[in-house]
Amino acid sequence: MGMKILGIESSCDETAAAVVEDGRKLLSNVVNSQIDIHAAYGGVVPEVAARSHIEVINPVINQALSDAGLDWDAIDAIAVTYAPGLVGSLLVGTLAARTLAVLKDKPLYPIHHVEAHVYANFITEQADQLEFELPSKQPEFPMLALIVSGGHSQLALFKDHGDYELLGQTQDDAVGEAFDKVAKIIGLPYPGGVAIDRLAPEGDASKYTFPKAKLQNPYDFSFSGLKTAVLRAVQAEVGEDYTFPSYELPARLNDVQRADFAAGFQRAALGVLVDKTEMAYREFSPRSVVIAGGVAASPALRELLRDRLPTPIEYAPRQLCTDNAAMIATLGYYYAQKKAPVDPLDLEVVPSLSMTKTAWNK
Ligand code: KG4
Ligand code: ZN
């Protein structure tokens, strides 16, 4: 009998619970997205997010258990996201996990959300009722990971579970954040990554070209200059200077211009990710390369990287790239091999915690 871990995730705008066996077999995966709620505001509103988590957290957890066909007796441990994220959102998931750990007498493991994104790539099996397109085998170490989400852009080299080095990270905006901001500038809905991804194939990516940031550490990223370059180009295109308010820009663009900007920005942003991943691959010769985080759901990124890397690459299903609890339960398994559980009464959330400061990264 394998070790079955219930994962709980509520760090941003998805309330999620999942059960994973032995850090590789997905038994259930429930994600309640708040995208529709936040789309009306053009982004995540923290208070609204926390309230929505409270409303659905218990049903989502119960659904994950019933989808897996398990009762509490069959669950060996609970893993929960405790960092980083929105404080109110994190509190809902951790409080639910702490309470359940006490009530049901289960060991509790605190999981770092950004590390966990990488672990979506370790899910290679699933229960009969699930139909994900999973990788054929687990990644091997050393493993190069490109982590690209709404809050993070980094390249990490893993020597083993919990033993990794950050090669570089963003100095300003995360790449997903840049997608979301540029989408707003050109009048596309939240979340911008999905909208730009959808529109970009209709545009001419060479109509507008954008400069690449030069950084001291070649593995660091910077996307805020690119976002500003798009803003200036849009202002120039509609015949206004930098004093023209950005929120009035979308109405001045026609559909062709909008698609061209989406394509030009996407090419520039994804180009940087692919360039740096390839460079790291050549320098460090990892056995596996994985991509993780919401932006890793981009079919365009997947295709570009596959074309560029001199080695075959497998991808986690797109649904497991954006926020979910399967990745939390998966990392929970490997974490539990090395670390003791926390006292449920002591677990605190840490809204900002860089990836290299987690408890097991020693
Ligand atoms: O990992 P995630 O779900 O949440 C965070 O931990 O941040 O990532 C969300 C980010 C958003 O910025 C969204 O615009 C981006 O991932 N995203 C995409 C795509 N799908 C989601 N970016 C580019 N192409 C996509 N298909
Ligand atoms: Zn995430």
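Indexing begins at 1, ligand by ligand and atom by atom, following the structure's order.
The atoms of ligand 1 that sit less than 4.0 Å from any heavy atom of Gly176 are 12 (O). Set against the non-hydrogen atoms of Ser149, the atoms of ligand 1 under 4.0 Å away are 1 (O), 5 (C), 6 (O), 7 (O), 8 (O). Close contacts between ligand 1 and Gly151 involve ligand atoms 7 (O) [criterion: under 4.0 Å to a heavy atom].
At a 4.0 Å cut-off, not a single heavy atom of Cys12 sits close enough to ligand 1 to count as contact.
Nearest protein heavy-atom neighbour of atom 2 (P) of ligand 1: Asp323 OD1, 3.3 Å. Regarding atom 9 (C) of ligand 1, its nearest protein heavy-atom neighbour is Gly150 N, 3.7 Å.
Around atom 26 (N) of ligand 1, the closest heavy atom drawn from Asp197, Val182, Ile196 belongs to Asp197. In the candidate list Asp180, Leu301, Ile35, Asp180 is nearest to atom 12 (O) of ligand 1, counting heavy atoms.
Side-chain rings of Tyr109 and Tyr333 stay apart, their centers remaining 6.0 Å or farther from each other. Side-chain rings of Tyr82 and His112 stay apart, their centers remaining 6.0 Å or farther from each other.
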**Asked** Should Asp22 and Lys4 be marked as a salt bridge (charged side-chain N to carboxylate O under 4.0 Å, His left out) after you check the CA-CA gap, both sets of side-chain angles, and the distance that decides it?
**Response** CA-CA 6 Å; Asp22 287 344; Lys4 298 187 185 68; over 6 Å; no
**Asked** Could you go step by step and tell me if Asp76 and Lys106 meet the salt bridge (charged side-chain N to carboxylate O under 4.0 Å, His left out) rule?
**Response** CA-CA 7 Å; Asp76 297 296; Lys106 306 290 176 188; over 6 Å; no
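Residue pairs meeting the salt bridge (charged side-chain N to carboxylate O under 4.0 Å, His left out) criterion with at least one partner in residues 243-254, sequence neighbours excluded, are Glu240-Arg252. Screening residues 340-353 for salt bridge (charged side-chain N to carboxylate O under 4.0 Å, His left out), with sequence neighbours left out, gives no hits.
Figure legend: cation-pi geometry between Lys276 and Phe221, with NZ or CZ positioned under 6.0 Å from the six-membered ring centre and within 45° of its axis.
Of the possible polar contacts, none joining the Asp275 side chain to the Glu278 backbone as a donor-acceptor pair under 3.5 Å is found.
In summary, the side chains of Asp13 and Tyr190 do present a donor paired with an acceptor at a separation below 3.5 Å, with no hydrogens or angles considered. Judged purely by distance below 3.5 Å, without hydrogens or angles, the side chains of Glu115 and Tyr334 never pair a donor atom with an acceptor atom.
Residues that satisfy the side-chain contact (heavy atoms from CB on, under 4.5 Å) test with Arg267, not counting sequence neighbours, are Ala205, Ser206.
Between Gly294 and ligand 1, an N or O atom pair is found at a separation short of 3.5 Å. By the 3.5 Å distance cut-off applied to N or O atoms, His117 is counted among the residues near ligand 1. At least one N or O atom of Gly193 sits closer than 3.5 Å to an N or O atom of ligand 1. The shortest N/O to N/O separation between Phe179 and ligand 1 does not fall below 3.5 Å. Between Pro191 and ligand 1, no N or O atom pair is found at a separation short of 3.5 Å.
When non-hydrogen atoms are compared, ligand 1 lies under 4.0 Å from the side chain of His113 (C-beta onward) but not from its backbone.
For the side-chain contact (heavy atoms from CB on, under 4.5 Å) test with Arg51, the passing option among Glu47, His53, Glu55 is Glu55; the others fail. Remark: of the listed residues Lys184, Glu237, Gln235, Gln235 is the sole one forming a side-chain contact (heavy atoms from CB on, under 4.5 Å) with Leu249.
Less than 2.8 Å away from the Zn ion (ligand 2), the protein contributes these N/O/S atoms: His113 NE2, His117 NE2, Asp323 OD1.
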